[in-house]
Amino acid sequence: MEDRMRQFRFGADYYPEHWPRERWEQDARMMREMGLQVVRMAEFAWHKMEPEEGRFDFAWLDEAIEILGKQGIFTMLGTPTAAPPAWLIEKEPSILPVDSQGQRKGFGGRHHDCQSNESYRKHVRRIVTAMAEHYKGNPYVFAWQIDNELGNSHGDLCMCESCRRAFHGWLERKYKTIERLNEEWGTVFWSQTYDRFEQIPAPRQTPTVHNPSLLLDWKRFCSDLVIDFSHEQVKILREICPHQRITHNLMGFYDKTDYFSYGEELDFASNDQYPYGYYFEAPGQPSYEVAGCMDFIRSVKHQNFWMMEMQAGPTGGGVIGQAPRPGQLKLWTVQSIAHGADTILYFRWRTCLFGTEQFWHGILPHNGVPGRRYRELKQAIEQMTPVLEDISGVYTRGQAAFLFSYDQDWAIQIQPQHPELSYVEEIQKYYQAFYSHNVSVEFIREEDSFEAYPVLVAPLQYLMRPELEDKFLSYVSGGGILVLTMRTGVKNWNNVCMADRPLPGRLSEAVGAVIEDYDGLIWKDVKLSYKGTEGTARKWADILSLTTAKPLAVYESEFYKGQPAVSVNAYGKGKVYYLGTEPEQKILELFVGDLLEEAGISGYGQTPEGVELVMRKGQKADYLFALNHTEEACKIEEPEGFRSEKSGEIGPYGVRVYRKEHGSGHGGQTVV
Ligand code: GLA
Ligand code: ZN
């Protein structure tokens with residue numbers, strides 16, 4: 001099955017329970033004709049599989065699996081734990097989650113579950129065990145998806161008594177004694193000193209604001225809880241069906257769960273991507289953001305990933321988004337392949353007639369008759385299959401590293417410093433600058449080795465600990481080029497400010513500067529000039545006092561006019577760049593251009609704005625994907641050594657795939 005899995009290229013999220021039995025054969029045939037080999041099914045079908053407690057009915061699903069299997073289509077099953085049925089909630093109402101106002105949520109959507117609730121866990125174990133026992137030997141079932149988008153639809157996650165008690169256990173394991181917790185959190189402030197762990201609240205709404213240390217530990221606890229909830233299911237599946245693989249549909253930079261930790265127990269990572277965004281988010285995600293999400297998911301395990309849900313039509317609920325333009329579905333398909341997807345499933349096969357998502361369009365429209373979307377994707381599948389055959393399973397690492405830390409993300413969410421400062425958005429701004437130079441990025445975490453990368457970009461290292469400082473210092477001493485920014489080294493890992501030396505703390509020597517003063521740019525931007533180019537700086541201004549560093553940009557307004565905003569310092573065999581502010585994108589791109597030159601990294605080529613170039617290696621050849629995300633045709637220079645059959649303009653939302661045969665200086669056969 002493992003080998004077979006490697007041959008799966010395309011598929012769809014399929015809900016046979018939404019359609020009459022008479023339609024299933026036709027669907028399966030049409031899927032095969034389109035070039036699909038896999039479906040994901042059943043992730044919301046708890047009631048269909050267990051209509052009443054203890055009475056399981058898998059006959060309908062067996063039949064669907066068999067019908068699809070006969071057409072050469074294999075099945076991934078979702079555990080249905082994102083949708084506990086009404087009979088279960090009626091029996092155990094404590095399963096319903098409680099929000100930050102202390103209100104219990106009602107039954108009716110999905111994810112109406114508390115993940116620490118022991119009665120829920122018992123029922124979860126029952127349904128997962130029953131499914132696993134039933135499908136362990138099914139020749140068509142090759143893998144499992146745990147739950148669905150864990151952490152989604154939860155808002156604050158659950159703040160019920162059961163979760164609060166679980167939080168106490170988590171805190172006790174971390175701090176051992178209540179005295180230690182009081183000390184670390186600084187509970188002497190506002191008389192919040194606790195005598196026992198049992199007194200500690202879940203962060204429900206209070207008249208003012210909670211202690212930031214409590215809030216950070218709560219976010220860590222919630223992330224661990226999600227992983228633990230999933231882990232129970234993983235354990236059962238591993239035991240009963242060791243030959244079937246396990247994944248989860250992650251959601252790019254979604255923040256409720258530390259995906260690096262979660263990824264450790266998955267066989268492969270999967271992603272859900274809707275480039276037009278959800279409901280009201282016009283005009284959808286910019287292409288660099290989509291690219292960044294996919295690079296991130298690929299980096300979760302540093303392995304190629306599956307696209308578990310790829311937008312296949314207009315998205316919408318009460319309001320309906322615009323139709324993907326001709327070419328866009330193919331463009332998104334190729335973009336995901338370019339960024340490391342080996343298999344792509346489209347959400348969903350056919351647009352549902354009823355329920356909350358009746359306007360969230362699938363490949364087929366409501367009437368089930370293949371139209372423009374089916375035809376476009378069918379053609380994309382035909383063209384991309386030979387490419388996937390060569391590149392599938394071959395990993396292409398990003399050229400530069402970005403450090404990604406959930407702790408930093410959460411701490412900045414708790415106290416953003418500036419109303420519009422967000423860790424993920426800051427990461428995306430830097431990512432965008434690399435993207436504009438067509439340089440690929442690998443995301444890494446603190447535990448990873450930094451040494452493999454010539455450049456490490458680490459924005460907003462707001463929380464700091466000695467181990468991380470050591471890693472930064474030895475990376476730079478050894479020749480690495482490190483990029484640090486404002487708000488580095490402000491707090492310790494328990495979210496408490498540090499006072500033993502000026503910012504950025506022990507890293508000052510490597511930065512070659514100290515921050516003597518700073519300005520929150522809450523009411524206005526400031527001017528700055530970077531090597532003679534005028535621009536704007538936003539959100540924050542560190543006023544640098546240089547010791548050994550050289551200035552690269554200076555402020556041009558305010559009381560710190562003329563003082564450095566960006567600096568570079570040689571340290572050991574490497575260099576540290578420090579950006580004390582958020583320069584506007586034009587300046588950031590200039591800066592990154594200089595940085596790349598210094599590091600000897602060249603991008604895959606120059607392209608007009610909105611056109612990206614990404615490379616993936618294969619067994620026989622390298623492939624360069626040119627992706628035009630604009631509605632205008634564009635022209636790019638043929639990349640050196642690469643060939644494509646077509647030349648001339650790339651049409652609106654068009655793609656071109658260039659190939660360079662290994663071992664030969666020039667291109668081989670044609671691709672697209
Ligand atoms: C998510 C879910 C799907 C579906 C789609 C469309 O990504 O995983 O079940 O709800 O969004 O809204
Ligand atoms: Zn709860």
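First listed ligand is number 1; within each ligand, the first listed atom is number 1. Scope of the values below: all heavy atoms of this structure, side chains included, with no hydrogens, waters or symmetry mates.
Taking OG1 of Thr81 as the reference point, atom CG of Asp147 lies at 3.5 Å (rounded to 0.5 Å). Summarising the geometry, atom CZ belonging to Phe58 is positioned 8.0 Å from atom CD belonging to Glu50; distances are rounded to the nearest 0.5 Å.
Under 4.0 angstrom from ligand 1, the non-hydrogen atoms of Glu357 all belong to its side chain. Proximity of Asn152 to ligand 1, defined as any heavy-atom pair under 4.0 Å, is not found for any part of the residue. With a 4.0 Å cut-off on non-hydrogen atoms, Gln273 does not touch ligand 1 at all.
Ring-plane geometry between Trp87 and His123 is classed as perpendicular, the angle between the planes exceeding 60 degrees on a 0 to 90 degree scale with a lower cut at 30.
Interface atoms of ligand 1 facing Glu149, defined by a heavy-atom separation under 4.0 Å, are 1 (C), 2 (C), 7 (O), 8 (O). Residue Phe44 approaches ligand 1 through these ligand atoms, each under 4.0 Å from one of its heavy atoms: 9 (O). Taking every non-hydrogen atom of Asn249 and a distance limit under 4.0 Å, the qualifying atoms of ligand 1 come out as 8 (O). Short contacts between ligand 1 and Asn148, defined as distances under 4.0 Å to a heavy atom of the residue, involve ligand atoms 2 (C), 8 (O), 9 (O). Near Asp272, with a cut-off below 4.0 Å to any heavy atom, the atoms of ligand 1 are 7 (O), 8 (O).
Screening Arg40, Arg348, Gln145 against Asp13 for a side-chain hydrogen bond (donor to acceptor under 3.5 Å, both in side chains) leaves a single residue, Arg40.
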side-chain contact (heavy atoms from CB on, under 4.5 Å) between Glu612 and Tyr288, worked out: CA-CA 9 Å; Glu612 71 173 299; Tyr288 71 84; over 6 Å; no

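Angle SG(Cys158) to the Zn ion (ligand 2) to SG(Cys160): 100° [nearest 10 degrees].
For Arg220 and Trp410, the positive end is not near the middle of the six-membered ring at less than 6.0 Å and at most 45° from its axis.
The nearest non-hydrogen atom to atom 9 (O) of ligand 1, considering only Glu43, Arg348, Arg110, comes from Arg110.
For the pair Glu376 (side chain) and Pro326 (backbone), a donor-acceptor distance under 3.5 Å is absent.
Using 4.0 Å as the threshold, Met308 has no heavy atom nearer than that to any atom of ligand 1.
Shown here is Glu118, whose CD atom has more than 12 heavy atoms of other residues, nucleotides or ligands within 6.0 Å.
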